[in-house]
Number of protein chains: 2
Amino acid sequence: MNDTTRSARTPAPPRMTRQRAAVADALGDTDEFRSAQQLHELLRSRGDAVGLATVYRTLQTLADGGDVDVLRSEDGESLYRRCARREHHHHLVCRACGRTVEIDGPTVEQWAASVGAAHGFADIEHTVELWGTCAACRAADERSS
Amino acid sequence: MNDTTRSARTPAPPRMTRQRAAVADALGDTDEFRSAQQLHELLRSRGDAVGLATVYRTLQTLADGGDVDVLRSEDGESLYRRCARREHHHHLVCRACGRTVEIDGPTVEQWAASVGAAHGFADIEHTVELWGTCAACRAADERSS
DNA sequence: AGGAGTTTGAGAACCGTTGTCAACTCGGTT
DNA sequence: AACCGAGTTGACAACGGTTCTCAAACTCCT
């Protein structure tokens, strides 16, 4: 059994491609949660276009690896962001521009676990997200009205 | 200007129909969060079918009026439930069967508001939901494995 | 019963997302 | 440097949940 013999259980080696780099790059550029379609459009306008399907695939891979955070906008769209810390945390997101602040829910984790256990539920997961309108968007909004 | 003259700003009077009653009824029967499609199927199997579009419309109306709670399942589907209390609260939901326990997030509201304000965000809303597997579903699961 | 205006429902349209599969690349080999 | 096998891409089809359309049916009031 030499190096090139890849036994069946070995996952599969990731490969670096222009497209993957481009997506990762676009995510690295911003602090804001972005949809797959926004990223796709951004890349296209930048000049190094990537197929929409590839954008979705790449984001999914990144998300699975914990390299990006995913959350659902209020109307169900998936939004992606490269967060500063990999540890579990929550977000305060501007619903207009996606600007995001990473926050801690000091007691949330513990509370969630104990409430779950108290009712006989297992494998507890929790969703805690804050939505608001950031100062900049508020200002922009008033200016245009 | 008599009674039958409905000035433009008056919303429009809701009207009781077999369909609306059926949907409300189906919701009243269960404690569990159900999708529009599940409710549609339930009604059909019960013998008093209601068009899918009508189920969606009715649920939306009920939700707008605060008569039912809506939340998004982990894979983005909208789920509806007639909760015992109309006041703001959170849920611990079984991801397998939809069984739900209404819970309070003692300090959550305040925490959300202050975190939002601290970062200059306005119109703060928060999503706090707990997902788990209830005891019954866990038992059922083990039995079949 | 009569009539104005609301509601319904079958099917089309929508929209974000995933699947398909032949062509193309990456990365290691010869 | 050319070669090759396996992973990757992308145009497009397909999917699944939800909303729209609009003619026919129904509510409610007189």
Side-chain angles (χ1 to χ4, degrees), chain A residues 1-26 33-44 47-65 68 70-80 98, chain B residues 1-26 33-44 47-65 68 70-80 98:
Chain A
M1 188 189 284
N2 59 49
D3 287 354
T4 61
T5 302
R6 193 174 296 293
S7 62
R9 46 191 155 25
T10 309
R15 197 174 278 188
M16 186 47 56
T17 64
R18 175 184 69 78
Q19 293 84 340
R20 297 229 236 261
V23 172
D25 208 58
F33 269 96
R34 293 271 116 106
S35 71
Q37 318 237 18
Q38 284 179 317
L39 289 166
H40 173 246
E41 184 48 40
L42 173 62
L43 291 171
R44 154 193 276 324
D48 61 337
V50 173
L52 182 56
T54 301
V55 173
Y56 274 105
R57 271 185 304 237
T58 304
L59 289 172
Q60 189 139 304
T61 303
L62 290 171
D64 289 349
V68 301
V70 196
L71 61 77
R72 300 267 187 169
S73 74
E74 290 179 324
D75 46 85
E77 205 175 359
S78 290
L79 303 178
Y80 305 83
Chain B
M1 191 191 284
N2 60 47
D3 286 355
T4 60
T5 302
R6 191 173 298 290
S7 60
R9 50 196 151 28
T10 310
R15 200 173 274 189
M16 187 46 57
T17 64
R18 174 185 69 79
Q19 292 85 339
R20 296 230 235 261
V23 172
D25 209 57
F33 269 95
R34 293 271 115 107
S35 70
Q37 317 237 19
Q38 285 178 317
L39 289 166
H40 174 245
E41 185 49 40
L42 172 62
L43 290 171
R44 154 193 276 323
D48 59 337
V50 173
L52 182 56
T54 301
V55 173
Y56 273 105
R57 271 185 303 238
T58 304
L59 289 171
Q60 189 139 305
T61 305
L62 290 171
D64 290 348
V68 301
V70 195
L71 61 78
R72 300 266 187 171
S73 75
E74 289 179 325
D75 46 83
E77 203 175 0
S78 291
L79 303 178
Y80 306 84

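We name chains A, B, ... by the order of the sequence lines, and we start the count at 1 in each one. Computed over heavy atoms, backbone and side chain alike; hydrogens, waters and symmetry mates excluded. These numbers come from a predicted model, not from an experiment.
- Checked by distance alone, R57(B) brings a side-chain donor or acceptor within 3.5 Å of a matching partner on the base of dG9(C).
- Comparing atom distances between the T54(A) side chain and each of dT8(C), dG10(D), dG9(C) picks out dG10(D) as nearest.
- Using a 4.0 Å heavy-atom criterion, one finds that R18(B) contacts the sugar-phosphate atoms exclusively.
- The interatomic distance linking L62(B) (CG) with dT7(C) (P) rounds to 13 Å, in whole Å.
- Rounded to whole Å, atom P of dA25(D) lies 22 Å from atom CE of M16(B).
- In terms of phosphate contacts, Y56(A) brings a side-chain nitrogen or oxygen within less than 4.0 Å of OP1 or OP2 of dT17(C).
- Rounded to the nearest 0.5 Å, atoms CZ (R44(A)) and CG (L52(A)) are 10.0 Å apart.
- The side chain of R20(A) lies closest to dT9(D) when the candidates are dG9(C), dG10(D), dT9(D).
- Residues Q19(B) and V23(B) are not in side-chain contact: their nearest non-hydrogen atoms beyond the backbone lie 4.5 Å or more apart.
- Among the nucleotides dT9(D), dT8(C), dC26(D), the one closest to the side chain of R15(B) is dC26(D).
- We find that CD of E74(B) is positioned 18 Å from C1' of dT17(C), with the value rounded to whole Å.
- When atom types are taken as modelled, the side chain of H40(B) and the backbone of V50(B) share a donor-acceptor pair closer than 3.5 angstrom.
- Between Q60(B) atom CD and dT8(C) atom C1' the separation is 16 Å, expressed in whole Å.
- The closest donor-acceptor contact from the side chain of R20(B) to the backbone of T58(B) lies at 3.5 Å or more, if one exists at all.
- Put simply, S78(A) has a side-chain N or O that comes within less than 4.0 Å of OP1 or OP2 on dT17(C).
- Interatomic distance, R18(A) CZ to T54(A) OG1, rounded to the nearest 0.5 Å: 9.0 Å.
- Rounded to an integer number of Å, the gap from CG of D75(B) to C1' of dT18(D) is 15 Å.
- Using a 4.0 Å heavy-atom cutoff across all strands shown, S35(A) reaches no nucleic acid atom at all.
- Take the nearest nucleotide of DNA chain C for E77(A) and for Q19(B): the residue whose nucleotide is more 5' is Q19(B).
- Taking atom CZ of R34(B) as the reference point, atom C1' of dG17(D) lies 18 Å away to the nearest angstrom.
- For L52(B) and dT18(D), the CG to P distance is 9 Å, given to the nearest whole Å.
- Rounded to whole Å, the distance from CD on Q37(B) to C1' on dG17(D) is 6 Å.
- T17(A) has no side-chain polar atom (N or O) that falls below the 4.0 Å cut-off from OP1 or OP2 of dG7(D).
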